[in-house]
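Everything on this sheet refers to the single structure shown next.
Just so you know, ligand 1 is whichever comes first in the structure, and atom 1 is the first atom listed for that ligand. Residues: numbered from 1 along the sequence shown.
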Amino acid sequence: MSTLTSTAKIIAVGGGKGGIGKSIVSVNLAVGMALAGHNVVLVDTDFGASNLHALLGINNPKCGFQDFFSTEGVSPEKLLLNTGIDNLKFVSGAGDNPGSANISQDCIQIVIDFIKNLQADVIVLDMGPGTNFNVIDFFNMSNPGIVLSTPEMTSVMKTFSFIRASLFRSINQQFSDNPELQKMVDHSNPMQADMETYTVSLLKKKLAEIAPEKIADVDRAVKNFNPSLIINRARNRKDIHVGDNLIRLVKKYLNVQVKYLGYIIESDRVRDSVDEMIPFLIKDPQSKPSENIQRIISSLTQTDLHLVKQDGNIFVSKQVRLGSGWNA
Ligand SMILES: Nc1ncnc2c1ncn2[C@@H]1O[C@H](COP(=O)(O)OP(=O)(O)OP(=O)(O)O)[C@@H](O)[C@H]1O
Ligand SMILES: [Mg+2]
C-alpha cells in the first residue's frame, strides 16, 4: 500500500436507525459507481454485525478488519477482497477474531488511517446503526456523508439525532484545547434532548456569554458540515416529501443545509436481491429501484448515467457529464 494519502471521495452511508437499508444502499451505490467506471472500494465499518459480504454474494470473507486488529495482524493489502465485479474491491468488517460492536478508539483510528490511505476514486463506507463515536467518527471523515431515513417518523427522528450528534461531535473537536467548552458541546446531551432544547443558536447564545471568540469556530464547523439525504422505502408522493420536511427541521434547528439526493421505492425486488445475494442493480439495472439508484449516482457525480443489461452483461448506455464535478 502506498503511504500517499488518498484523494478518494469518501461516501459514508449512515442514519442512526437499524434495518433501514444502509447496507443495501451502500452496496448498490458502490456497484453502480464501479459499473460507471470509477475505481471503488466498499468498506464494512459495522463491526458488531457485519453482513455486507452476504449482499455481495460472498459467504465467508477470507479476511476482515477483525483479523487486522488481532495480535498476529495481517497486511492492509490482504484486506482488499475481489468481488467478481470490475473496478470493485471489498473490505469486510468480519474475521476469525470474534468481534464486537464496541471496538476501542485505537481500533477506530487504525481503520480511519487505513481508509485514508486507500488508493481509489471512491470509497463507500457502510455504517452500523446508532450514534456512538465508533459510528459518527466514520461519518465525519466522509465527503459527502449520506444520511438515510425511511418515511416513518421513528426513522426521521433518529436521522435528525444522527445529524445533530455528528455535527456536535465535529464542533466539539474544534474545542480540543478547552475541556470546559467541550463539556458544553458534549455529544451525549444532544442525543437526550428534543429538537428545541439543543440547537446551534442556543449553543451560540451560551458561547456569546462565556467565549464569544469561539462563535466563529462553530459557524465554520456548521458551514463545513454538508450531509446529503436519501429516503428509502418510499411508497408514495407523501413519503418522498418526508425528505423535504426533515431538511427543513435540520435547517431550522441546526442551521445545516442538507442536500436531497433522491429516494428509493419500497420494492420486492430489493428484498429478493437480499435473499439471492445479488445486488439489485446487477440483477436488473432497469428495475425501478435500480433506476432510483442511478438517479442518486447521477446527482452525486453530476452525470446523467444509464445502465442496461443485454445477454447477461451490463453496459453503460449513457454517461453524460452535467456539471464540473462531484456534487458535494
Ligand atoms: N427499498 C426497499 N424495499 C424493500 N425492502 C427493503 C428496502 N430497503 C431495505 N429493505 C429491507 O430491509 C432489510 C434491511 O436492510 P439493510 O440490511 O440494508 O439495513 P441496515 O440499515 O443496513 O441495517 P443494520 O442497521 O442492521 O445494518 C433488507 O434485508 C430488506 O429486506
Ligand atoms: Mg447494515
* Whether over 12 other heavy atoms sit under 6.0 Å from Arg237 CZ ->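 Not more than 12 within 6.0 Å, no.
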
Distance under 4.0 Å to a non-hydrogen atom of [X]: what atoms of ligand 1 satisfy this?
| X | answer |
| --- | --- |
| Pro129 | 25 (O) |
| Gly18 | 25 (O) |
| Arg271 | 5 (N), 30 (C), 31 (O) |

Shortest protein heavy-atom distance from [atom], along with the residue and atom involved:
| atom | result |
| --- | --- |
| atom 18 (O) of ligand 1 | Ile24 N, 2.9 Å |
| atom 6 (C) of ligand 1 | Arg233 CZ, 3.5 Å |
| atom 8 (N) of ligand 1 | Asn232 ND2, 2.9 Å |
| atom 25 (O) of ligand 1 | Lys22 NZ, 2.8 Å |
| atom 29 (O) of ligand 1 | Val274 CG2, 3.7 Å |
| atom 19 (O) of ligand 1 | Gly21 N, 3.0 Å |
| atom 23 (O) of ligand 1 | Gly19 N, 2.9 Å |
| atom 27 (O) of ligand 1 | Asp46 OD2, 3.6 Å |

[X]-ligand 1 polar pair, N/O distance under 3.5 Å:
| X | result |
| --- | --- |
| Asp126 | no |
| Ile265 | yes |
| Ile20 | yes |

Does a side-chain heavy-atom distance below 4.5 Å link [X] with [Y]?
| X | Y | answer |
| --- | --- | --- |
| Phe225 | Leu254 | no |
| Ile11 | Ser228 | no |
| Leu207 | Met184 | yes |
| Phe65 | Val43 | yes |

* Asked: So which pairs with a foot in residues 238-254 pass salt bridge (charged side-chain N to carboxylate O under 4.0 Å, His left out), sequence neighbours left out?
  ->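 Of all non-adjacent pairs touching residues 238-254, those that pass salt bridge (charged side-chain N to carboxylate O under 4.0 Å, His left out) are Arg235-Asp239.
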
If only atom types and distance count, is the side chain of [X] paired as donor or acceptor with the main-chain N or O of [Y] below 3.5 Å?
| X | Y | answer |
| --- | --- | --- |
| Lys22 | Lys17 | yes |
| Lys9 | Asp121 | no |
| Thr159 | Leu148 | yes |

* Test item, Ser267 contacting ligand 1 (heavy atom, 4.0 angstrom) ->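 Contact check Ser267 vs ligand 1: positive.
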
* Does Asn51 have a heavy atom less than 4.0 Å from any atom of ligand 1? -> no

We want to know whether [X] and [Y] form a side-chain donor-acceptor pair, criterion being a heavy-atom distance below 3.5 angstrom.
| X | Y | answer |
| --- | --- | --- |
| Thr303 | Ser298 | no |
| Ser23 | Ser26 | no |
| Asn178 | Gln182 | no |

* Asked: Ignoring water, what protein N, O or S atoms are under 2.8 Å from the Mg ion (ligand 2)?
  -> Ser23 OG

* Asked: Under the 6.0 Å and 45° cation-pi test, does Arg164 pair with Tyr253?
  -> no

* Positive for side chain to side chain contact (heavy atoms under 4.5 Å, CB included) with Lys89, one of Leu118, Asn82, Leu42 -> Asn82

* Check Val270 against ligand 1 and report side chain, backbone, both or neither, counting heavy atoms closer than 4.0 Å. => side chain

